2 protein chains.
Amino acid sequence: MAEVTLKDVARASGCSVATVSRVLAGTRPVGAETARTVREAATRLGYRPNHVARALRRRATGTVGLVLPQITNPFFPALVRELEHALHAAGRALLLADCDDDPTTEAARIAEFLDRQVDALVLIPVDERLSREAVADAARRVPVVLLDRGCGPGVADSVAVDNAAGMALVLDHLAAAGRRRPWFVGAAGTTSTAAERRAAYEAGAAALDPQAPGRVELGDFSVAWGREAVDRIWPSRPDAIICANDLIAVGALQRLRQLGAEVPTEVAVVGFDDVPFAGLADPALTTVRQPVGELAAEAARLLGERSGDRAPAVGPSRTVRLTPELLVRASG
Amino acid sequence: MAEVTLKDVARASGCSVATVSRVLAGTRPVGAETARTVREAATRLGYRPNHVARALRRRATGTVGLVLPQITNPFFPALVRELEHALHAAGRALLLADCDDDPTTEAARIAEFLDRQVDALVLIPVDERLSREAVADAARRVPVVLLDRGCGPGVADSVAVDNAAGMALVLDHLAAAGRRRPWFVGAAGTTSTAAERRAAYEAGAAALDPQAPGRVELGDFSVAWGREAVDRIWPSRPDAIICANDLIAVGALQRLRQLGAEVPTEVAVVGFDDVPFAGLADPALTTVRQPVGELAAEAARLLGERSGDRAPAVGPSRTVRLTPELLVRASG
DNA sequence: CAACGGCGGGCAAACGTTATCACCGGGCAG
DNA sequence: CTGCCCGGTGATAACGTTTGCCCGCCGTTG
């Protein structure tokens, strides 16, 4: 039951370890007869290549590290799932680290993964500015792909949804429904998503009402903030509340119900992300769905391309923007 | 910027690689003066040990594989998070695999992790019976801890919540509130949690009403099933609906509202697990909270103990049961 | 003064692969 | 007939650590 190595297979099939390695890896042409014998011996002995030794020799572990802010953020599990599938399809394993929304631990986790010789990193940066240095350092050592959130221009390859397009979808929809007094409830944090969605609102809201772009309340990405924000803005009777993500929207929905406001007749509420419970809210939340599978696939693809080269930072950094989709449900 | 190795540090500090290794690993006493010189050289050159080479030599990678049914199941992210933290505190990294609720891919992922020389495995088995063989095979090679769900007796160490105790908490609470016509909505699947919760209901419900233990409907762990189950049992007007998990409970809540039933005055609804949106439902869901942090910590502890020994299967398998807590909210 | 014990440190052999080099036939062109 | 190329193979040196073994030195002890 002990580990069976190349040497054992070599002995059993009467040829050298080099040959066995070659037939199993298919790295160089080898005699048909020998190949058969070797393969037979390998399966008979139940040979399994030792990934650690292989990694040491090839200087590639076949693992990719994922560092994310908080796996408990309901938007991330689906992303993790798709990423895991995409990486697995490419024969790579996924190391996961949750950095508790803290840039310092984020940097530490990234460093640890680098020490563990990951072939590449997928990062969902905690903060657009505070994460930048650690991300840039990492990008100097291995291929890095930023997922869902950016980290300043030119730092690393990046895959994210087109937040501006998503917001435009929302604003068009609300305009078509005759809404004219929108209000935006966003996040003050310095994640790229928070900033982009707010900017897109401010840029596009004038189409509904010249005053609209100024109607912005900023807190954080939480249900509690959604509730609180409603208390602040409800007195001015908006006819649409656009939330920077679904958590905020769910909070808003809850508070509006408590206040006796009719959704969507009196006021529309829309979210962003389409987290699992967006469709479960009452009324079901209209939201912008992110193409999670495509995001993950694109990230994996970018990683694959970069890893062909030995140097981590050849060519300029690429940015992929995927267009989201508006999911019109009951809330607006 | 190339990799700096032990050899480089040795050269720079004027002693042998062996000595450098010893001072850095602290594995054997070494001269105070030499130690200082070596350490100084190491930090000056920015030496970082190569985990792959170390793993090859030590025959231990410092990684633990986690294979779970579906990361998108809202109960799991919190568990993953806590597990990641606990493992990280022990200096180990977490490899994650999502097997899409399929025992076959589950077995494949386990095998892959074994090939990657993980030091240990944490498994949340998909199915109590269908996962057994793969789990048993794995347990023969490395330490294995079953988390949250079991897999038959004696297969491997196991950490889970005491479902019977949790159900008892629920039944006591409902009895004290004067509920006498409970109904159980569970899952027909063959996961240990589904079976245990149902059994516990059947064992304890008689305290409320001799007929109660028979009032059981089985579907799966989903919101849709919760809705459907309500359609089936509402005609017989239960005064309490006990759901095998929160997803079912949320579905039940939704359908009850549509049917115009008053919760909790007319009928109480309780769930199990305390997933993130349990508190967000309307009315907020009364549920059984699982001690996620403790579960993860206990799993990590078990792993740590087993890994001391070289042989994976010394001593009988241990089972740890943690007692859950009833979270009384608005729904019952 | 001789023998001995222990400490500090170096040498070299692993760990299991893969890559480089050399070798040895045989077929083919000059 | 000689030289050359090439498919097939084996030795062997890495990859970067850890560790068993040995050796020299110093202090202690009989």
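In what follows, chains carry the letters A, B, and so on, assigned in the order in which the sequence lines appear, proteins first and then strands, with residues in each chain numbered from 1. Only a predicted model underlies this, so the values are computations on that prediction, with no experimental measurement involved.
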Problem set entry | Counterpart residues, side chain to side chain donor-acceptor pair (under 3.5 Å), relative to E298(A) (two or more places apart) | R301(A)

Seminar exercise, completed: Residue set satisfying salt bridge (Lys or Arg N to Asp or Glu O under 4.0 Å) with D137(A), at least two apart, ordered chain then number -> R140(A)

For this session: Start with the C-alpha gap between D100(A) and R81(B), add the side-chain angles, then the distance that decides, and say whether salt bridge (charged side-chain N to carboxylate O under 4.0 Å, His left out) holds.
Result: CA-CA 9 Å; D100(A) 257 335; R81(B) 173 175 181 280; 2.6 Å; yes

Exercise. For E106(A), which residues count as a salt bridge (Lys or Arg N to Asp or Glu O under 4.0 Å) partner, sequence neighbours excluded?
Worked result: none

Problem set entry | Backbone of Q117(A) reached by a side-chain donor or acceptor of R59(A) within 3.5 Å | no

Exercise. So which of residues 31-45 of chain A are in contact with DNA chain D, with a heavy-atom cut-off of under 4.0 Å?
Worked result: G31(A), T34(A)

Seminar exercise, completed: The reported gap from NE2 in H51(A) to CG in L114(B) (rounded to nearest 0.5 angstrom) is 11.5 Å

Exercise. So which pairs with a foot in residues 143-156 of chain A pass salt bridge (Lys or Arg N to Asp or Glu O under 4.0 Å), sequence neighbours left out?
Worked result: none

Seminar exercise, completed: With B for base contact, S for sugar-phosphate-only contact and - for none (protein heavy atoms under 4.0 Å), nucleotides 22-28 of chain C reads -------

Exercise. Got a sec, which pairs hit salt bridge (Lys or Arg N to Asp or Glu O under 4.0 Å) with one end in residues 7-22 of chain A, sequence neighbours left out?
Worked result: D8(A)-R11(A)

Problem set entry | Contacts of type salt bridge (Lys or Arg N to Asp or Glu O under 4.0 Å), residue D157(A), not counting sequence neighbours | R306(A), R318(A)

Show the distances under 3.5 angstrom between N or O atoms of the protein and N or O atoms of nucleotides 16-19 of chain D.
| residue | atom | partner | partner atom | Å |
| --- | --- | --- | --- | --- |
| dG16(D) | OP1 | R59(A) | NH2 | 2.8 |
| dT17(D) | OP1 | Y47(B) | OH | 2.7 |
| dT17(D) | OP1 | N50(B) | N | 3.2 |
| dT17(D) | OP2 | L6(B) | N | 2.7 |
| dT17(D) | O5' | Y47(B) | OH | 3.1 |
| dT18(D) | OP1 | R54(B) | NE | 2.8 |
| dT18(D) | OP1 | R54(B) | NH2 | 3.3 |
| dT18(D) | OP2 | S21(B) | OG | 2.9 |
| dT18(D) | O2 | R57(B) | NH1 | 2.4 |

Seminar exercise, completed: Computed from five pairs at either end and rounded to 10 degrees, the angle between the axes of the helix from dC1(C)-dG30(D) to dG30(C)-dC1(D) is 60°

Show me the donor-acceptor pairs within less than 3.5 Å that the side chains of residues 26-45 of chain B make with the rest of the protein, sequence neighbours left out.
| residue | atom | partner | partner atom | Å |
| --- | --- | --- | --- | --- |
| T37(B) | OG1 | E33(B) | O | 2.8 |
| E40(B) | OE2 | R44(B) | NE | 3.4 |
| T43(B) | OG1 | R39(B) | O | 3.1 |
| T43(B) | OG1 | E40(B) | O | 2.9 |

Problem set entry | Beyond-backbone contact of L79(B) with I124(B), side-chain heavy atoms, under 4.5 angstrom | yes

Exercise. Taking only residues two or more places apart in sequence or in another chain, which ones pass salt bridge (Lys or Arg N to Asp or Glu O under 4.0 Å) with D119(B)?
Worked result: R92(B)

